[in-house]
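Numbers restart at 1 for each chain; the letters A, B, ... are given by sequence-line order, proteins then strands.
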There are 2 protein chains.
Amino acid sequence: MERRATIKDVAEAAGVGVATVSRVLSGGSASPSTRERVLAVAAQLDYRPSALGRNLRQRRTGGMGLLVPDLTDTFYGQLAEGVLACARSAGEPVLLGSTGDDPEQEADLVGMLLEQSVDRLIAVPSGDAETWTPVIRAGMRVVFADRVPAAPFQEDPGVTAVNDLMRLDGLSPAPQTRPLDAPAVVADDRAGIRTAVRYLRGLGHKRIAFLGGPGQDSRVAAFRAAVGAPVDEDLVVFGTGSRDSAYAAASGLFQSRPDLSAVVAGGNVLGEAAVLAARELDLRVPRDVSLVMYDDVPWAELCSPPLTVIAQPGRDIGYRAAELVLRAETRKPRGVVLPTELIVRGSCGPRR
Amino acid sequence: MERRATIKDVAEAAGVGVATVSRVLSGGSASPSTRERVLAVAAQLDYRPSALGRNLRQRRTGGMGLLVPDLTDTFYGQLAEGVLACARSAGEPVLLGSTGDDPEQEADLVGMLLEQSVDRLIAVPSGDAETWTPVIRAGMRVVFADRVPAAPFQEDPGVTAVNDLMRLDGLSPAPQTRPLDAPAVVADDRAGIRTAVRYLRGLGHKRIAFLGGPGQDSRVAAFRAAVGAPVDEDLVVFGTGSRDSAYAAASGLFQSRPDLSAVVAGGNVLGEAAVLAARELDLRVPRDVSLVMYDDVPWAELCSPPLTVIAQPGRDIGYRAAELVLRAETRKPRGVVLPTELIVRGSCGPRR
DNA sequence: TTGAAAGCGCTAACAA
DNA sequence: TTGTTAGCGCTTTCAA
C-alpha cells in the first residue's frame, strides 16, 4: 500500500496540532476559521482517517460480522443483502462468514471475529444456546436472524430470546435461567405454518408431511401444533442442510409414505428437493401431491406449476437485524417478529 | 468488549519480555524451554493476539474485500462461497460489499475498504478500466472475478487483463497502453457462447437473440462472433441488472421480434426473465422458442422443461480468485480462464 | 537467545 | 479554542 496522508501530515500542513484535526474531523469544537483550514487541507491531501489507528485506540473494530449457513441458498442471499444495505447506509464494513450449518465452523468463525475485535455480530445460528452464551458473555453484541439457537435442554432452554420466541411459537414455556442477552429478528413461523396447514386442510388434505432442515425447530413445532396431536411422526422428516441430503429426505418420505397427500417444505432448498423427488417418482404436483414451500424465491414462480409459498421478508430480516446490532441500545433488547404471507400459486390442489 | 489478555499479560506471567512472546507466537527463534513456557501461559490465559495491534504496526489489514453485484443472484452466491472457502482455509477474514452493478456504489465501497486499510480485493467490477486504474495504482491488490472492467475507449482499452481476455474472446486486439496490473479469473465465455450458438444452429435456428445484462461485454462479443456478420442488432438486447429490467427487456424482445426462434440469456437472472416473459406471452418453450441460459443454478432443473444451460464454475471462480489475491505473487500475474460446459436439458428444440 | 524501546495512526485527557 | 502527551497491542530493530 502506498503511503497515504496521515493525521500528522494534515496537522502540519494546516499548521495545527493533531488533536485539532481529529476534533474537526469528528465534529468536535473548533473555530470556524480553523475548521475551514483543516477541512481544506484534508481534502487537498486526500486524507482519509485510518480505521486501523482509530480502532486500536478505541479497542474495538467498527462494523459487524455476518454469519449465514449458505450463500447459495437464495433466502440467505436476500438476508445478506438486507444487512449490507443497512451497513452501507451507516458506512460500516461487514465481515462475512458462511457456516455450512456446522457449529464447529461457526465457532471458528466467531473466534476469527473475536481476533479481529469485531464486537457486533448478526448470526443465523447453528450452535445451541450453550455455545452462544460464552460469546455473548465475552461482550460480543449479537443479534440472531432468521432463527434462534436451539435450547440445549428441554427443561432449561436457558435463553430469554429463545424462550420468548418459543412461547410465541406455541412451545412449552420454560423457566428462565441464564438469560441470553441477545435479540432476534425472525419471521412469524407459527402464523406462517399454521396458515399453510389450514389452507391444506381446507383443500381436504389429512396426511400432511413436514420436510425440515437444520435450525427449523420453531417451524417444526409450529407444524406439530398446527396439525394437532397425535402427530404422525413418520410424516416429519429432516435433511441436514445439503441439497443432497434434502433430496434424500424428500425422496425417502415420498417412498415410505405414498399415502401422504401434501407436504410443507421448511425452506427453499427443501422445496427444491421436494419438486425434484416428486418428479423423479412420477408424482404430479399438485395432482398427486400438494406442496407448500417456506421462502418466496424468484424461481418459485418459474416452476410449473408455480409454487405456493409462505413468504418471509428475508431482506427486511437482515436489515432490521443490522439496525438492532448497530443501535447502541439500552439493556435487554427485545427481538422482533416479522409477518409471513401465504402466496397461493399453483402447487396445491384438492386431495384426490 | 471485556478485557482480553494482551501480549503484555502473557509476557509478565511467563516472566519474559513481550518481544519474546511475539517471537514465539510467530514461530521465531527461542529456546525450547522459553517457548514451552510462553505457549503454556498463552494457552492458560486464553490469549489471542489482537489483529488490531498487528495490523496497525504492519500498516495493513489482513483479509480481503469481496465486491459482487447482487447476492440474490445465485451465481454470485456460488462465487462468494468459493471465496469464503479459500479465505477460511487461510484463516483470513472477508469484507463483503454488494454493488448493485452501480459504479458509484462500487467506488464508495472501495473507499471504505481503503479506509479499513484492506489492500486485497476480489471484485466483479461495474466501473470501467478508468475507474479501476487509480485504485490499483494506489496499491490495492485486486483480482477481478467473473468479468473484467470495460475498456473506456475503443482505441485505448488501457488494460492488459481486459486486453488479453478480449483477445481471447475474439475482440479486436488493441494497443497496450497503461497496463492494468490485475489478474482476472473468468469463465471461457467465448467457448461457452459459441457452443451454445452452434448447438442452436444445429437445431435449425436462424434468428437467435441475445439477452444481456451489465458487464456482459465479453459474452455479447462472443455472441456476435459466433453468429457472424451481419448481426441483426435488434436481436441483441440488454437489461440493467434488476429483475424488472431484465423482464422488460425479455418481454420487449419477444414482442418486437416474434420471428425469433431461440434466445441465449447471458445470465441466470436474464434466463429467469425470459422464462417469465415467454410464459406471459403464451410462448411455449421449446416449441415456440428455444432457450439457453448462462449459469447453471439449482432451479434450472426445476423449470419445465428443465433449462439447457451453459454452466460456469462459480464456486471455482471465487476460490481461484481468492487464491490469487492471497498469494503474494511475483509481478505481472496472469489471469485464469475456466472452462464452461453446455448442459443439454429440455429447453431447446428444433426450429418450427 | 533475549529484552528494551520505538513507533504504526489515532483519540482523549489534560493544560494552556 | 487549542496543543501536548500518553497510550491502544503489536512487531521489529538494536543491543546486550
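In this structure, B:Ser31 does not reach the C:dT1 phosphate: none of its side-chain N or O atoms is under 4.0 Å from OP1 or OP2. For C:dT2, the OP1/OP2 oxygens have no side-chain nitrogen or oxygen of B:Thr20 closer than 4.0 Å. A:Ser22 has a side-chain polar atom (N or O) that falls below the 4.0 Å cut-off from OP1 or OP2 of C:dT11. Between B:Thr34 and C:dT2 there is a side-chain polar atom (N or O) within less than 4.0 angstrom of OP1 or OP2. Checking the phosphate oxygens (OP1, OP2) of C:dG9, no side-chain nitrogen or oxygen of A:Arg54 falls inside 4.0 Å.
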_Criterion side chain to side chain contact (heavy atoms under 4.5 Å, CB included) on B:Leu25 and B:Leu39, from CA distance to verdict_ = CA-CA 8 Å; B:Leu25 263 43; B:Leu39 255 23; 3.8 Å; yes

_Go through it in stages, so that I can follow the logic: the residues are B:Arg88 and A:Asp108, the test is side chain to side chain contact (heavy atoms under 4.5 Å, CB included), and I'd like the CA-CA distance, side-chain angles, deciding distance and then a yes or no._
CA-CA 9 Å; B:Arg88 180 168 46 234; A:Asp108 285 352; 5.8 Å; no

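The backbone N or O of B:Glu12 sits nowhere less than 3.5 Å from a side-chain atom of B:Asp9 that would complete a donor-acceptor pair.
Residue A:Ala19 is in base contact, counting any heavy-atom pair closer than 4.0 Å across all strands shown. Residue contacts shown for B:Gly17 are limited to sugar-phosphate atoms, with no base heavy atom under 4.0 Å away. Residue contacts shown for B:Leu52 are absent, as no nucleic acid heavy atom lies under 4.0 Å away.
For B:Asn55 and C:dC10, the CG to C1' distance is 14 Å, given to the nearest whole Å. Between the CZ atom of A:Arg60 and the P atom of C:dA12 there is a distance of 12 Å, given to the nearest Å. When the P atom of C:dG7 is taken as reference, atom CD of B:Gln58 falls 17 Å away, rounded to whole Å.
The outermost nucleotides of DNA chain D lying under 4.0 Å from heavy atoms of chain B, listed 5' to 3', are D:dG9 to D:dT12.
To the nearest 0.5 Å, atoms CG (A:Asp146) and CD1 (A:Ile122) are separated by 12.5 Å.
Between B:Asp101 and B:Arg147 there is a salt bridge, since at least one side-chain N of the basic residue sits less than 4.0 Å from a carboxylate O of the acidic one.
The side chain of B:Ser29 lies closest to C:dT1, out of C:dG7, C:dT1, C:dT11. In the set C:dC8, C:dA5, C:dG9, the nucleotide with an atom closest to the side chain of B:Arg57 is C:dC8.
Comparing B:Leu56 and B:Val18 against DNA chain C, the residue whose closest nucleotide sits nearer the 5' end is B:Val18.
At a cut-off of 3.5 Å, with distance as the only test, a side-chain donor of B:Ser98 or A:Glu81 sits close to an acceptor on the other residue.
Environment of CD in B:Glu36: sparse, with no more than 12 heavy atoms of neighbouring residues, nucleotides or ligands closer than 6.0 Å.
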